[in-house]
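Have a look at this one.
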Amino acid sequence: MNKVLITGSLGQIGSELANALSERYGVDNVIVSDVRAKTCDDQISGCECAVLDVTDPAQIASLVKKHNIKIIYHLAALLSAVAEAKPQTAWNVNINGLYNILEVAREFGCAVFTPSSIGAFGLSTPHDKTPQETIQRPNTMYGVTKVAGELLCDYYHKRFGVDTRGLRYPGIISYKTLPGGGTTDYAVEIYYEAIKSKKYTCFLKPGTYLDMMYMPDAIKAAINLMEADQKKLIHRNAFNVTAMSFEPDMLAASIRKKIPDFRIDYKIDPVRQGIAESWPNSMDDSAAREEWGWQPEYDLEKMTEDMLTHLREKLVG
Ligand code: NAD
Ligand code: SER
């Protein structure tokens with residue numbers, strides 16, 4: 001069994017991917033890592049956890065060599081809102097970190113999974129049914145790093161034969177680990193507040209449509225892509241994937257079916273609103289469906305039911 005390393009493992013996606021990969025491949029075959037040390041609040045159990053800063057190439061090489069790693073899920077990054085607040089750090093982590101991972105992958109023969117994002121698109125991109133291949137002129141540092149990252153991964157595949165693969169994730173919704181400072185975070189926060197106080201003040205305007213996906217589908221997409229027959233992959237590093245598209249009022253209405261007195265009001269954050277308006281309303285993910293069989297399981301109603309059930313257990317007991 002090839003050993004797997006996850007970077008940025010203590011984040012929203014990594015903490016759930018770590019458990020899924022441990023169940024699939026065995027805890028002894030998964031090494032998790034993050035720039036900070038794991039604490040008892042972190043949701044990961046079983047596998048070995050290392051402190052690894054992806055901006056330090058020597059640290060990556062030493063960990064990969066020590067464990068004979070052959071597959072890297074590279075999740076360490078700054079998300080859109082944090083990246084806009086700290087653009088220099090975002091460049092360093094998102095670009096130099098990725099470059100370091102790809103260089104180590106080239107040297108030690110590792111396959112690499114790297115998530116891109118709906119943030120790789122911009123205002124001049126067609127917003128409805130955004131095609132797989134289209135205009136990509138993002139106006140955020142997050143978007144700049146995501147487009148450059150897609151290109152860098154393609155380059156390492158073509159030039160050096162590194163088995164690089166990736167997805168343009170939409171906003172990911174989950175109940176285990178909180179999101180790390182993105183524009184789509186409202187769609188997670190709203191469920192917590194629905195349980196805690198039956199009301200939520202949203203930082204995006206009503207009518208702001210964005211692609212979204214429930215965490216089990218996000219995990220399934222990453223694993224399915226990495227296990228796909230590489231001969232079938234044309235768009236290796238930047239597959240559009242989506243499960244649903246909604247705006248805040250639709251999400252509130254879905255919650256109201258389960259919590260009838262839930263209320264939403266609005267206090268707009270101009271930075272995150274501006275970012276959201278530059279992103280697609282809905283993506284066309286037919287390339288992922290055709291090339292490796294992408295098929296989401298959760299729609300809005302099924303996700304709301306599951307989120308509220310688990311958050312009640314977590315927050316109320
Ligand atoms: P997150 O912010 O929850 O987690 C990122 C993790 O990276 C954190 O645990 C952080 O400590 C770690 N990290 C930061 N700097 C680091 C460094 N220098 N070295 C090592 N680790 C470092 O992010 P996430 O939501 O889990 O996202 C993972 C990936 O998926 C990112 O590339 C992100 O852009 C992408 N993505 C996420 C979403 C989403 O909605 N969550 C959507 C699209 C794309
Ligand atoms: N959820 C992510 C963000 O808002 C999208 O890449 O930053």
Side-chain angles (χ1 to χ4, degrees), residues 5-18 32-39 41-44 49-57 59-60 63 72-86 89-98 100-101 112-121 138 140-147 149-150 153 166-174 176-189 203-204 208 210-215 217-219 221-222 238-243 269 271-273 275-276 278-280 283:
L5 169 68
I6 309 175
T7 71
S9 311
L10 301 181
Q12 187 193 9
I13 298 176
S15 55
E16 300 214 30
L17 182 66
V32 300
S33 70
D34 202 284
V35 71
R36 67 175 178 84
K38 189 179 138 194
T39 70
D41 290 337
D42 291 307
Q43 301 282 325
I44 298 175
C49 191
V51 173
L52 172 66
D53 181 344
V54 296
T55 64
D56 181 342
Q59 275 185 37
I60 305 169
L63 198 62
I72 303 173
Y73 285 81
H74 176 49
L75 304 183
L78 266 55
L79 271 71
S80 58
V82 178
E84 228 24 51
K86 302 178 192 170
T89 312
W91 178 269
N92 193 27
V93 175
N94 294 13
I95 290 296
N96 295 336
L98 173 60
N100 294 338
I101 289 287
V112 181
F113 171 82
T114 311
S116 184
S117 161
I118 48 175
F121 298 115
T140 62
M141 179 52 91
Y142 183 66
V144 168
T145 66
K146 288 300 177 188
V147 176
E150 291 179 2
C153 289
L167 304 167
R168 290 185 187 131
Y169 273 138
I172 307 299
I173 296 163
S174 67
K176 286 191 181 153
T177 304
L178 284 167
T183 301
T184 57
D185 292 13
Y186 92 86
V188 178
E189 292 168 5
F203 58 75
L204 294 186
T208 309
L210 290 167
D211 282 296
M212 300 281 179
M213 184 182 291
Y214 197 33
M215 185 63 87
D217 279 330
I219 299 299
F239 282 99
N240 286 0
V241 281
T242 186
D269 169 7
V271 174
R272 285 178 288 185
Q273 182 64 36
I275 295 174
S278 75
W279 290 355
M283 286 187 290

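When a ligand or atom number is given, it counts from 1 through the structure's own listing order. Position 1 is the first residue of the sequence; numbering continues from there.
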In the structure I gave you, are the side-chain heavy atoms of Leu210 and Leu204 within less than 4.5 Å of one another anywhere?
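Leu210 vs Leu204: side chains touch.
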Quick test of your reading of the structure: of Pro115, Ala222, Ala77, Gly97, whose heavy atom lies closest to atom 35 (C) of ligand 1?
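Closest candidate by heavy-atom distance is Pro115.
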What is the distance from atom CG of Asp211 to atom CE of Met283, rounded to the nearest 0.5 Å?
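Asp211 CG to Met283 CE: 4.0 Å, rounded to 0.5 Å.
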Heavy atoms only, cut-off 4.0 Å: how does Thr177 contact ligand 1, side chain, backbone, both, or neither?
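No part of Thr177 is near ligand 1 at this cut-off.
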Could you say whether the N/O atoms of Tyr142 and ligand 2 ever approach to under 3.5 Å?
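Yes; at least one N/O pair falls below 3.5 Å.
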Minimum heavy-atom distance Ile60-Val54, with the two atoms named
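Heavy atoms only, the tightest pair is CD1-O, 3.5 Å.
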Mind checking whether Ile13 has an N or O less than 3.5 Å away from an N or O of ligand 1?
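Yes - when backbone and side-chain N and O of Ile13 are compared with those of ligand 1, one distance drops under 3.5 Å.
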Side chain, backbone, both or neither: which part of Pro170 comes within less than 4.0 Å of ligand 1 when only heavy atoms are counted?
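Just the backbone.
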Give me the nearest non-hydrogen protein atom to atom 1 (N) of ligand 2 as residue plus atom name, then the distance to 0.1 Å.
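Answer for atom 1 (N) of ligand 2: Thr184 OG1, 2.6 Å.
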Could you tell me whether Ser9 approaches ligand 1 through its side chain, its backbone, both or neither, with non-hydrogen atoms closer than 4.0 Å?
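Ser9 to ligand 1: no contact under 4.0 Å from either part.
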For atom 7 (O) of ligand 2, what is the closest protein heavy atom, and at what distance to 0.1 Å?
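Ranking protein heavy atoms by distance from atom 7 (O) of ligand 2, first comes Ser80 OG, 2.7 Å.
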Roughly how far apart are Ile101 CD1 and Asn96 CG, rounded to 0.5 Å?
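One gets 12.0 Å once the value is rounded to the nearest 0.5 Å.
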Between Gly11 and ligand 1, does any nitrogen or oxygen pair lie at a separation below 3.5 Å?
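Among all N and O atoms of Gly11, at least one is under 3.5 Å from an N or O of ligand 1.
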Do the charged groups of Glu84 and Arg272 touch, with an N to O distance under 4.0 Å?
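Salt bridge flag = no for Arg272 with Glu84.
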Proximal atoms of ligand 1 relative to Gly171 (non-hydrogen, under 4.0 Å):
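Counting atoms of ligand 1 from 1, those under 4.0 Å from Gly171 are 40 (O).
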Protein residue, atom and distance nearest to atom 5 (C) of ligand 2, heavy-atom basis:
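Nearest protein contact, heavy atoms only, for atom 5 (C) of ligand 2 is Ser117 OG, 3.5 Å.
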Geometric N/O contact Val54 with ligand 1, under 3.5 angstrom:
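So ligand 1 has an N or O lying under 3.5 Å from an N or O of Val54.
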Could you measure the distance from the OG atom of Ser117 to the CG atom of Leu167? Nearest 0.5 Å is fine.
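Between atom OG of Ser117 and atom CG of Leu167 there are 11.0 Å.
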Test of understanding: given a 4.0 Å heavy-atom threshold, classify the contact between Tyr186 and ligand 2 as side chain, backbone, both, or neither.
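Neither part.
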Any nitrogen or oxygen of Asp53 lying under 3.5 Å from a nitrogen or oxygen in ligand 1? Just yes or no.
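Right, the criterion is met.
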Determine whether Tyr169 and Ile172 make a side-chain contact, defined as any pair of heavy atoms from C-beta on separated by less than 4.5 Å.
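Side chain of Tyr169 against side chain of Ile172, heavy atoms only: contact under 4.5 Å found.
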Is the closest N or O pair between Ser117 and ligand 1 shorter than 3.5 Å?
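No, Ser117 has no N/O under 3.5 Å of an N/O on ligand 1.
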Please list the nearest protein heavy atom to atom 15 (N) of ligand 1 with its residue and the distance rounded to 0.1 Å.
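Nearest protein contact, heavy atoms only, for atom 15 (N) of ligand 1 is Val93 CG1, 3.8 Å.
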Is the shortest N/O to N/O distance between Thr55 and ligand 1 below 3.5 Å?
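Between Thr55 and ligand 1 (N or O atoms, distance only) the closest approach is not under 3.5 Å.
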Quick one: look up the protein heavy atom nearest atom 29 (C) of ligand 1 and list residue, atom name and how far away it is.
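Of the protein heavy atoms, Leu75 O, 3.5 Å lies nearest.
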Counting heavy atoms not belonging to Lys86, are there more than 12 under 6.0 Å from its NZ?
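Not more than 12 within 6.0 Å, no.
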I'd like to know if Lys176 and Asp42 make a salt bridge, using a cut-off of under 4.0 Å between side-chain N and carboxylate O.
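So Lys176 does not pair with Asp42 through a salt bridge.
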Below 3.5 Å, N or O to N or O, backbone or side chain included: is there any such pair between Asp34 and ligand 1?
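Right, the criterion is met.
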Can you see which heavy atom on Leu52 is nearest to which on Leu5, and at what distance?
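Leu52 and Leu5 have their closest heavy atoms at CD2-CD2, 4.3 Å.
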At a 4.0 Å cut-off, with the gap strictly under it, does some heavy atom of Ser116 reach an atom of ligand 1?
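Yes.
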Name the closest protein heavy atom to atom 23 (O) of ligand 1, giving the residue it belongs to and the distance to 0.1 Å.
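The closest heavy atom on the protein side is Leu79 CD1, 3.1 Å.
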For ligand 1, is there an N or O atom under 3.5 Å from any N or O atom of Ile172?
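Among all N and O atoms of Ile172, at least one is under 3.5 Å from an N or O of ligand 1.
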Among the heavy atoms of Arg168, does any lie under 4.0 Å from an atom of ligand 1?
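Under 4.0 Å: no for Arg168.
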For a 4.5 angstrom cut-off between non-hydrogen side-chain atoms, does Leu98 reach Asn94?
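Not touching, per the 4.5 Å side-chain cut-off.
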Could you give the distance from OH (Tyr186) to OG1 (Thr184), rounded to the nearest 0.5 Å?
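Tyr186 OH to Thr184 OG1: 8.5 Å, rounded to 0.5 Å.
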Which residue and heavy atom of the protein sit nearest atom 32 (O) of ligand 1, plus the separation:
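Sorting protein heavy atoms by distance from atom 32 (O) of ligand 1 puts Lys146 NZ, 2.9 Å first.
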Which is it for Ser116 and Glu150 under the side-chain hydrogen bond (donor to acceptor under 3.5 Å, both in side chains) test, yes or no, and what are the steps along the way?
CA-CA 7 Å; Ser116 184; Glu150 291 179 2; 2.7 Å; yes
Just which atoms of ligand 1 are under 4.0 Å from any heavy atom in Leu52?
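Taking each heavy atom of Leu52 in turn, ligand 1 has 19 (N), 20 (C) under 4.0 Å.
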CG of Asn100 to CD of Gln59: how many Å apart, nearest 0.5 Å?
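Taking CG in Asn100 and CD in Gln59, the distance rounds to 10.5 Å.
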Geometric class of the Tyr73/Phe113 ring pair [parallel <30°, tilted 30-60°, perpendicular >60°]:
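Aromatic pair Phe113/Tyr73 classed tilted.
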Which residue holds the protein heavy atom closest to atom 33 (C) of ligand 1, what is that atom called, and what is the gap in Å?
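Result for atom 33 (C) of ligand 1: Tyr142 OH, 3.6 Å.
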Would you check if Arg36 and Val51 make a side-chain contact, meaning some heavy-atom pair closer than 4.5 Å?
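The answer is no; the side chains never approach within 4.5 Å.
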Nearest non-hydrogen partners of Tyr142 and Thr145, listed with the distance
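Minimum heavy-atom separation between Tyr142 and Thr145: O-OG1, 2.8 Å.
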Could you tell me which atoms of ligand 1, counted from 1 in the order shown, lie closer than 4.0 angstrom to a heavy atom of Ala76?
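Result: 7 (O), 20 (C), 21 (N), 22 (C).
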Non-hydrogen atoms of Lys38 and Cys49 that approach each other most closely
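Nearest pair, atom of Lys38 first, then Cys49: CB-SG, 3.7 Å.
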From Glu16, Met215, Gln12 - option closest to atom 3 (O) of ligand 1 by heavy atom:
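Nearest option to atom 3 (O) of ligand 1, by heavy atoms: Gln12.
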Could you tell me if any non-hydrogen atom of Tyr169 lies under 4.0 Å from any atom of ligand 2?
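Under 4.0 Å: no for Tyr169.
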Minimum-distance protein heavy atom relative to atom 14 (C) of ligand 1
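Among all protein heavy atoms, the one nearest atom 14 (C) of ligand 1 is Val35 CG1, 4.1 Å.
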Using distance alone, determine whether Tyr169 and ligand 1 share an N or O pair under 3.5 Å.
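Looking only at distances, the answer is no, because the N/O contact criterion of under 3.5 Å is not met.
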Looking only at protein heavy atoms, which one is nearest to atom 4 (O) of ligand 2, and what is the separation?
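Answer, as residue, atom name and distance: Thr183 N, 2.6 Å.
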